[in-house]
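For reference, the structure is listed below as C-alpha coordinates.
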Amino acid sequence: MAKPELHIDLDAVIANWRALDRLTGAGVDTGAVVKADAYGLGAGVVARALAGAGARNFFVASADEGGALRRALGPGPAISVFGGHMAGDAEVIGGAQLVPMLNSLDQITMHFETLPGAPFGIQLDTGMNRLGLEAAEWEAAAGIVLEAGPTLLMSHLACADEPTHPMNPYQREEFLRLTEDTGVPRSLSATGGILLGPDYHFELVRPGIGLHGCAPFTEGRKAVRLSLPVIQIREISAGETVGYSNTFTAETQMLVATVAAGYADGLHRTLSSRAHLWQGLVPCPILGRVSMDLITVDVTHLADTPTHLDMLGEKQSADDLAAVAGTIGYEILTGLGPRYNRIYHGGGA
Ligand SMILES: *Cc1c(COP(=O)(O)O)cnc(C)c1O
(Lines give C-alpha, C1' and ligand atoms only; values in the text may rest on other atoms or scores of the structure.)
Protein backbone atom coordinates (compact mmCIF):
# COMPACT_ATOMS: atom_id res chain seq x y z
CA MET A 1 0.00 0.00 0.00
CA ALA A 2 1.22 3.52 -0.77
CA LYS A 3 2.49 5.22 2.36
CA PRO A 4 1.63 8.79 3.25
CA GLU A 5 4.42 11.06 2.07
CA LEU A 6 5.98 13.88 4.06
CA HIS A 7 7.91 15.99 1.56
CA ILE A 8 10.62 18.12 3.12
CA ASP A 9 12.11 20.97 1.09
CA LEU A 10 15.70 21.28 2.31
CA ASP A 11 16.29 24.26 0.02
CA ALA A 12 13.51 26.07 1.91
CA VAL A 13 15.12 25.14 5.26
CA ILE A 14 18.48 26.46 4.05
CA ALA A 15 16.87 29.63 2.67
CA ASN A 16 15.12 30.21 6.01
CA TRP A 17 18.38 29.71 7.92
CA ARG A 18 20.10 32.21 5.63
CA ALA A 19 17.21 34.70 5.95
CA LEU A 20 17.39 34.50 9.76
CA ASP A 21 21.18 34.83 9.55
CA ARG A 22 20.76 38.01 7.48
CA LEU A 23 18.57 39.50 10.23
CA THR A 24 21.56 39.39 12.57
CA GLY A 25 24.72 41.47 12.37
CA ALA A 26 28.20 40.47 11.24
CA GLY A 27 29.45 39.45 14.68
CA VAL A 28 26.46 37.20 15.42
CA ASP A 29 26.61 33.48 14.72
CA THR A 30 23.39 31.76 13.65
CA GLY A 31 23.03 28.24 15.06
CA ALA A 32 20.31 25.69 14.36
CA VAL A 33 18.06 23.93 16.87
CA VAL A 34 17.36 20.37 15.68
CA LYS A 35 15.92 18.83 18.86
CA ALA A 36 13.00 16.39 18.62
CA ASP A 37 14.40 15.03 15.33
CA ALA A 38 14.51 18.54 13.84
CA TYR A 39 10.89 19.17 14.81
CA GLY A 40 9.85 15.84 13.31
CA LEU A 41 11.49 16.38 9.93
CA GLY A 42 14.67 14.30 10.43
CA ALA A 43 17.60 15.73 12.44
CA GLY A 44 20.40 14.00 10.55
CA VAL A 45 19.31 15.09 7.07
CA VAL A 46 18.26 18.60 8.12
CA ALA A 47 21.48 19.22 10.08
CA ARG A 48 23.69 17.90 7.27
CA ALA A 49 21.98 20.25 4.82
CA LEU A 50 22.47 23.21 7.18
CA ALA A 51 26.09 22.27 7.88
CA GLY A 52 26.61 22.27 4.11
CA ALA A 53 25.18 25.79 4.04
CA GLY A 54 27.60 26.92 6.76
CA ALA A 55 25.87 26.28 10.11
CA ARG A 56 28.46 25.48 12.76
CA ASN A 57 26.44 25.35 16.00
CA PHE A 58 23.68 22.80 16.53
CA PHE A 59 21.44 22.40 19.56
CA VAL A 60 19.50 19.35 20.80
CA ALA A 61 17.45 18.61 23.91
CA SER A 62 19.27 15.58 25.36
CA ALA A 63 22.63 13.83 25.25
CA ASP A 64 21.04 10.89 23.41
CA GLU A 65 19.83 13.20 20.66
CA GLY A 66 23.34 14.69 20.58
CA GLY A 67 24.98 11.27 20.19
CA ALA A 68 22.73 10.41 17.25
CA LEU A 69 23.35 13.81 15.67
CA ARG A 70 27.14 13.40 16.00
CA ARG A 71 26.92 10.09 14.10
CA ALA A 72 25.00 11.89 11.33
CA LEU A 73 27.24 14.99 11.20
CA GLY A 74 30.65 13.55 11.90
CA PRO A 75 33.35 15.57 13.65
CA GLY A 76 33.47 19.34 13.34
CA PRO A 77 30.23 21.16 14.10
CA ALA A 78 29.53 21.96 17.76
CA ILE A 79 26.56 20.12 19.26
CA SER A 80 25.13 21.64 22.45
CA VAL A 81 22.64 19.99 24.77
CA PHE A 82 19.91 22.13 26.38
CA GLY A 83 19.19 19.50 29.05
CA GLY A 84 22.77 19.79 30.27
CA HIS A 85 24.62 16.90 31.87
CA MET A 86 22.35 14.39 33.58
CA ALA A 87 23.39 11.34 35.59
CA GLY A 88 24.63 8.64 33.24
CA ASP A 89 25.35 11.04 30.37
CA ALA A 90 29.16 11.33 30.77
CA GLU A 91 30.00 8.55 28.33
CA VAL A 92 27.90 9.89 25.45
CA ILE A 93 28.88 13.52 26.15
CA GLY A 94 32.57 12.63 26.19
CA GLY A 95 32.38 10.13 23.33
CA ALA A 96 30.39 12.38 20.99
CA GLN A 97 32.14 15.58 22.12
CA LEU A 98 28.88 17.26 23.08
CA VAL A 99 28.70 20.57 24.93
CA PRO A 100 26.19 20.37 27.78
CA MET A 101 24.48 23.64 28.76
CA LEU A 102 24.80 23.05 32.53
CA ASN A 103 21.74 24.29 34.37
CA SER A 104 22.29 23.61 38.08
CA LEU A 105 25.09 23.49 40.66
CA ASP A 106 24.65 19.69 40.75
CA GLN A 107 25.20 19.45 37.01
CA ILE A 108 28.28 21.67 37.22
CA THR A 109 29.75 19.45 39.94
CA MET A 110 28.92 16.26 38.03
CA HIS A 111 30.42 17.57 34.79
CA PHE A 112 33.63 18.80 36.41
CA GLU A 113 34.04 15.49 38.27
CA THR A 114 33.21 13.05 35.48
CA LEU A 115 34.70 14.92 32.50
CA PRO A 116 37.34 17.33 33.86
CA GLY A 117 38.46 19.80 31.22
CA ALA A 118 35.63 18.91 28.83
CA PRO A 119 33.75 21.82 27.21
CA PHE A 120 30.49 23.13 28.67
CA GLY A 121 28.15 26.10 28.60
CA ILE A 122 26.00 27.60 31.34
CA GLN A 123 22.27 28.13 31.26
CA LEU A 124 20.94 31.00 33.38
CA ASP A 125 17.36 31.51 34.44
CA THR A 126 16.23 35.06 33.74
CA GLY A 127 12.60 34.62 34.74
CA MET A 128 11.08 31.74 32.81
CA ASN A 129 11.68 29.36 35.73
CA ARG A 130 12.17 26.33 33.53
CA LEU A 131 15.91 25.62 33.17
CA GLY A 132 19.03 27.33 34.40
CA LEU A 133 20.86 28.62 37.44
CA GLU A 134 19.08 31.22 39.53
CA ALA A 135 20.81 34.57 39.92
CA ALA A 136 21.99 33.81 43.47
CA GLU A 137 23.40 30.41 42.47
CA TRP A 138 25.23 31.96 39.55
CA GLU A 139 26.67 34.73 41.69
CA ALA A 140 28.01 32.10 44.12
CA ALA A 141 29.48 29.84 41.41
CA ALA A 142 30.54 32.33 38.71
CA GLY A 143 34.14 32.69 39.91
CA ILE A 144 35.00 28.99 39.68
CA VAL A 145 32.87 28.42 36.59
CA LEU A 146 34.35 31.30 34.59
CA GLU A 147 37.85 30.11 35.44
CA ALA A 148 37.00 26.74 33.86
CA GLY A 149 36.21 28.54 30.59
CA PRO A 150 32.59 28.02 29.51
CA THR A 151 32.01 28.20 25.74
CA LEU A 152 28.63 29.96 26.09
CA LEU A 153 26.33 31.67 28.59
CA MET A 154 22.71 31.30 27.55
CA SER A 155 19.16 32.00 28.69
CA HIS A 156 15.74 31.66 27.07
CA LEU A 157 12.90 34.15 26.55
CA ALA A 158 9.43 33.20 27.76
CA CYS A 159 7.37 35.66 25.67
CA ALA A 160 9.44 36.41 22.56
CA ASP A 161 6.50 35.65 20.25
CA GLU A 162 4.78 38.75 21.71
CA PRO A 163 7.09 41.61 20.63
CA THR A 164 5.63 44.21 23.00
CA HIS A 165 5.54 41.98 26.09
CA PRO A 166 7.35 43.64 29.03
CA MET A 167 8.90 40.25 29.91
CA ASN A 168 11.25 40.63 26.91
CA PRO A 169 13.15 43.74 28.08
CA TYR A 170 12.96 42.47 31.66
CA GLN A 171 14.73 39.21 30.77
CA ARG A 172 17.24 41.02 28.54
CA GLU A 173 18.20 43.37 31.39
CA GLU A 174 18.54 40.44 33.78
CA PHE A 175 20.69 38.54 31.25
CA LEU A 176 22.92 41.61 30.76
CA ARG A 177 23.28 42.03 34.51
CA LEU A 178 24.28 38.37 35.01
CA THR A 179 26.71 38.19 32.12
CA GLU A 180 28.37 41.61 31.86
CA ASP A 181 32.17 41.72 31.88
CA THR A 182 32.48 37.93 31.58
CA GLY A 183 33.96 38.04 28.07
CA VAL A 184 32.15 34.76 27.30
CA PRO A 185 29.93 34.47 24.16
CA ARG A 186 26.25 34.87 25.00
CA SER A 187 22.97 33.62 23.55
CA LEU A 188 19.44 34.70 24.48
CA SER A 189 17.27 34.33 21.40
CA ALA A 190 15.39 31.60 19.58
CA THR A 191 13.33 32.47 16.46
CA GLY A 192 11.07 34.94 18.29
CA GLY A 193 14.00 36.75 19.90
CA ILE A 194 15.77 37.15 16.55
CA LEU A 195 12.71 39.06 15.31
CA LEU A 196 12.86 41.38 18.36
CA GLY A 197 15.96 43.01 16.84
CA PRO A 198 19.71 43.42 17.40
CA ASP A 199 19.45 44.19 21.13
CA TYR A 200 18.45 40.57 21.61
CA HIS A 201 21.05 38.88 19.39
CA PHE A 202 24.26 38.89 21.48
CA GLU A 203 26.92 36.60 19.94
CA LEU A 204 24.80 33.58 18.96
CA VAL A 205 21.15 33.02 18.06
CA ARG A 206 19.30 29.68 18.21
CA PRO A 207 16.43 29.41 15.70
CA GLY A 208 14.39 26.19 15.49
CA ILE A 209 10.83 26.63 14.26
CA GLY A 210 11.82 29.52 11.97
CA LEU A 211 13.95 27.12 9.92
CA HIS A 212 10.71 25.50 8.80
CA GLY A 213 8.90 28.74 7.95
CA CYS A 214 6.44 28.57 10.84
CA ALA A 215 5.24 31.32 13.19
CA PRO A 216 6.65 33.56 14.47
CA PHE A 217 8.83 33.60 11.29
CA THR A 218 5.77 33.78 9.05
CA GLU A 219 7.69 35.28 6.11
CA GLY A 220 9.81 32.13 5.90
CA ARG A 221 9.34 29.53 3.17
CA LYS A 222 7.13 26.57 4.08
CA ALA A 223 9.30 23.48 4.29
CA VAL A 224 6.76 20.64 4.34
CA ARG A 225 4.03 19.10 2.22
CA LEU A 226 2.08 16.17 3.60
CA SER A 227 0.36 14.07 0.96
CA LEU A 228 -2.01 11.28 2.01
CA PRO A 229 -2.90 8.42 -0.35
CA VAL A 230 -6.57 7.68 -1.02
CA ILE A 231 -7.26 4.03 -0.13
CA GLN A 232 -10.89 3.86 -1.18
CA ILE A 233 -13.66 6.00 -2.64
CA ARG A 234 -17.35 5.26 -2.15
CA GLU A 235 -20.66 6.81 -3.07
CA ILE A 236 -23.15 7.37 -0.26
CA SER A 237 -26.80 8.40 -0.39
CA ALA A 238 -28.76 11.01 1.53
CA GLY A 239 -29.31 9.81 5.09
CA GLU A 240 -26.16 7.66 5.31
CA THR A 241 -23.58 8.42 8.00
CA VAL A 242 -19.76 8.49 7.99
CA GLY A 243 -17.27 7.37 10.64
CA TYR A 244 -17.31 6.72 14.38
CA SER A 245 -20.34 7.86 16.36
CA ASN A 246 -22.23 8.82 13.17
CA THR A 247 -21.24 12.46 13.59
CA PHE A 248 -21.76 13.18 9.85
CA THR A 249 -24.97 12.46 7.96
CA ALA A 250 -25.17 13.07 4.19
CA GLU A 251 -27.96 15.37 3.01
CA THR A 252 -27.47 14.44 -0.64
CA GLN A 253 -25.66 11.81 -2.62
CA MET A 254 -21.90 12.29 -2.23
CA LEU A 255 -18.45 10.80 -2.85
CA VAL A 256 -16.35 9.97 0.20
CA ALA A 257 -12.58 9.34 -0.02
CA THR A 258 -10.76 7.51 2.77
CA VAL A 259 -7.12 8.55 3.23
CA ALA A 260 -4.37 6.64 5.03
CA ALA A 261 -3.39 8.65 8.12
CA GLY A 262 -5.05 9.60 11.38
CA TYR A 263 -4.54 10.79 14.91
CA ALA A 264 -1.78 8.21 15.47
CA ASP A 265 0.12 10.19 12.84
CA GLY A 266 -0.30 13.52 14.62
CA LEU A 267 -3.45 14.56 12.78
CA HIS A 268 -5.39 15.50 15.86
CA ARG A 269 -8.87 14.18 16.49
CA THR A 270 -9.93 17.79 17.11
CA LEU A 271 -9.65 18.28 13.32
CA SER A 272 -12.79 16.10 12.93
CA SER A 273 -15.44 17.80 10.74
CA ARG A 274 -13.43 21.05 10.92
CA ALA A 275 -10.29 20.93 8.77
CA HIS A 276 -9.86 20.42 5.03
CA LEU A 277 -7.58 18.39 2.84
CA TRP A 278 -6.60 19.80 -0.52
CA GLN A 279 -6.39 18.62 -4.09
CA GLY A 280 -4.06 21.32 -5.36
CA LEU A 281 -5.96 24.53 -4.68
CA VAL A 282 -9.37 22.89 -4.07
CA PRO A 283 -10.44 22.30 -0.45
CA CYS A 284 -12.09 19.01 0.55
CA PRO A 285 -13.81 18.98 3.97
CA ILE A 286 -13.13 16.24 6.51
CA LEU A 287 -16.35 14.29 7.09
CA GLY A 288 -16.99 13.06 10.62
CA ARG A 289 -14.37 11.81 13.06
CA VAL A 290 -10.65 11.51 12.42
CA SER A 291 -9.81 7.94 13.45
CA MET A 292 -6.47 6.39 14.42
CA ASP A 293 -5.23 5.53 10.93
CA LEU A 294 -7.88 6.91 8.58
CA ILE A 295 -9.67 10.12 7.66
CA THR A 296 -12.82 10.42 5.53
CA VAL A 297 -13.06 13.34 3.12
CA ASP A 298 -15.72 14.86 0.84
CA VAL A 299 -14.50 14.66 -2.77
CA THR A 300 -17.91 15.01 -4.46
CA HIS A 301 -16.98 18.31 -6.08
CA LEU A 302 -13.61 17.28 -7.58
CA ALA A 303 -13.25 17.16 -11.36
CA ASP A 304 -11.14 13.97 -11.29
CA THR A 305 -10.77 11.04 -8.92
CA PRO A 306 -7.99 11.86 -6.42
CA THR A 307 -5.15 9.41 -5.74
CA HIS A 308 -3.71 11.69 -3.03
CA LEU A 309 -4.93 14.63 -0.96
CA ASP A 310 -2.67 17.12 0.84
CA MET A 311 -3.03 17.79 4.56
CA LEU A 312 -0.12 20.26 4.59
CA GLY A 313 0.99 22.25 1.57
CA GLU A 314 0.62 25.45 -0.35
CA LYS A 315 -2.94 26.13 0.86
CA GLN A 316 -2.62 24.86 4.44
CA SER A 317 0.48 25.35 6.61
CA ALA A 318 1.29 23.69 9.93
CA ASP A 319 0.20 26.97 11.57
CA ASP A 320 -3.14 26.91 9.71
CA LEU A 321 -3.78 23.34 10.82
CA ALA A 322 -2.70 24.23 14.35
CA ALA A 323 -5.21 27.07 14.45
CA VAL A 324 -8.02 24.63 13.63
CA ALA A 325 -6.73 22.03 16.10
CA GLY A 326 -6.32 24.59 18.91
CA THR A 327 -2.54 24.26 19.19
CA ILE A 328 0.69 25.68 17.70
CA GLY A 329 2.68 24.80 14.57
CA TYR A 330 5.45 23.35 16.76
CA GLU A 331 3.10 20.66 18.08
CA ILE A 332 1.79 19.80 14.60
CA LEU A 333 5.32 19.33 13.20
CA THR A 334 6.78 17.44 16.16
CA GLY A 335 3.68 15.22 16.34
CA LEU A 336 3.91 13.96 12.75
CA GLY A 337 5.23 10.59 13.88
CA PRO A 338 7.19 7.74 12.32
CA ARG A 339 4.72 6.27 9.81
CA TYR A 340 5.31 8.78 7.02
CA ASN A 341 7.69 8.18 4.18
CA ARG A 342 9.94 11.24 4.58
CA ILE A 343 11.06 12.40 1.14
CA TYR A 344 13.73 15.08 0.90
CA HIS A 345 14.12 17.58 -1.90
CA GLY A 346 17.12 19.79 -2.63
CA GLY A 347 19.81 20.62 -0.08
CA GLY A 348 22.30 18.29 -1.72
CA ALA A 349 20.40 15.29 -0.27
C1 LIG B 1 13.44 24.94 21.46
C2 LIG B 1 14.43 25.96 21.89
C3 LIG B 1 14.95 26.88 20.98
C4 LIG B 1 14.39 27.04 19.58
O5 LIG B 1 13.16 27.71 19.68
P6 LIG B 1 12.28 28.13 18.42
O7 LIG B 1 11.17 28.91 19.01
O8 LIG B 1 11.83 26.85 17.81
O9 LIG B 1 13.14 28.91 17.49
C10 LIG B 1 15.97 27.72 21.40
N11 LIG B 1 16.44 27.67 22.68
C12 LIG B 1 15.94 26.82 23.59
C13 LIG B 1 16.48 26.81 24.97
C14 LIG B 1 14.92 25.93 23.24
O15 LIG B 1 14.41 25.10 24.16
Side-chain angles (χ1 to χ4, degrees), residues 13 16-21 23-24 28-41 43 46-47 50 55 57-63 65-66 69 78-86 98-104 107 120-133 151-163 165 167-168 171-172 175 185-197 200-224 317-319 322 327-336:
V13 176
N16 291 333
W17 181 78
R18 290 197 169 124
L20 290 161
D21 188 45
L23 292 176
T24 64
V28 183
D29 191 24
T30 301
V33 177
V34 293
K35 61 190 178 185
D37 204 22
Y39 295 44
L41 305 186
V46 167
L50 289 171
N57 278 292
F58 293 90
F59 291 85
V60 293
S62 67
E65 286 187 351
L69 185 62
I79 301 175
S80 299
V81 180
F82 289 138
H85 184 149
M86 307 214 285
L98 308 177
V99 186
M101 297 290 118
L102 305 177
N103 52 51
S104 69
Q107 285 204 350
F120 68 96
I122 294 287
Q123 198 157 179
L124 301 169
D125 182 60
T126 51
M128 188 173 182
N129 285 309
R130 187 179 69 167
L131 273 185
L133 273 72
T151 59
L152 188 70
L153 302 179
M154 64 165 280
S155 189
H156 193 54
L157 296 167
C159 304
D161 57 343
E162 296 176 61
H165 201 294
M167 188 68 168
N168 297 321
Q171 285 192 267
R172 177 178 173 274
F175 190 56
R186 290 169 296 182
S187 179
L188 180 62
S189 286
T191 303
I194 295 172
L195 303 177
L196 294 178
Y200 288 83
H201 295 168
F202 296 91
E203 284 74 47
L204 172 71
V205 291
R206 316 182 301 266
I209 196 74
L211 302 173
H212 312 302
C214 287
F217 188 48
T218 43
E219 54 272 52
R221 273 168 60 182
K222 306 290 170 254
V224 296
S317 68
D319 292 320
T327 180
I328 53 177
Y330 296 75
E331 194 181 7
I332 296 293
L333 289 187
T334 57
L336 287 175

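Just follow the structure's listing: the first ligand is 1, and inside any ligand the first atom is 1. It should be emphasised that the depicted structure is a prediction, and the values quoted were computed from it without experimental measurement.
- With sequence neighbours excluded, the residues that form a side chain to side chain contact (heavy atoms under 4.5 Å, CB included) with Pro216 are Thr191, Leu195, Ile209, Tyr330.
- Ring geometry for Phe59 against Phe82 counts as parallel: the plane angle stays under 30°, on a 0 to 90° scale with 60° as the upper cut.
- Distance alone, capped at 3.5 Å, places no donor-acceptor pair between the Gln123 side chain and the Met154 backbone.
- For ligand 1, residues of the protein lying within 4.0 angstrom by heavy-atom distance are Val33, Lys35, Tyr39, Phe82, Arg130, Met154, His156, Ala190, Thr191, Arg206, Pro207, Gly208, Ile209, Tyr330.
- In this view, Thr327 and His268, Ala322, Ala325, Glu331, Ile332 satisfy the side chain to side chain contact (heavy atoms under 4.5 Å, CB included) rule, not counting sequence neighbours.
- Qualifying ring-ring contact (aromatic ring centres under 6.0 Å, His included) partners for Phe217, counting only residues two or more places apart in sequence or in other chains: none.
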Legend entry - His201 and Ile194: CA distance, side-chain angles, deciding distance, side chain to side chain contact (heavy atoms under 4.5 Å, CB included) verdict: CA-CA 6 Å; His201 295 168; Ile194 295 172; 4.0 Å; yes
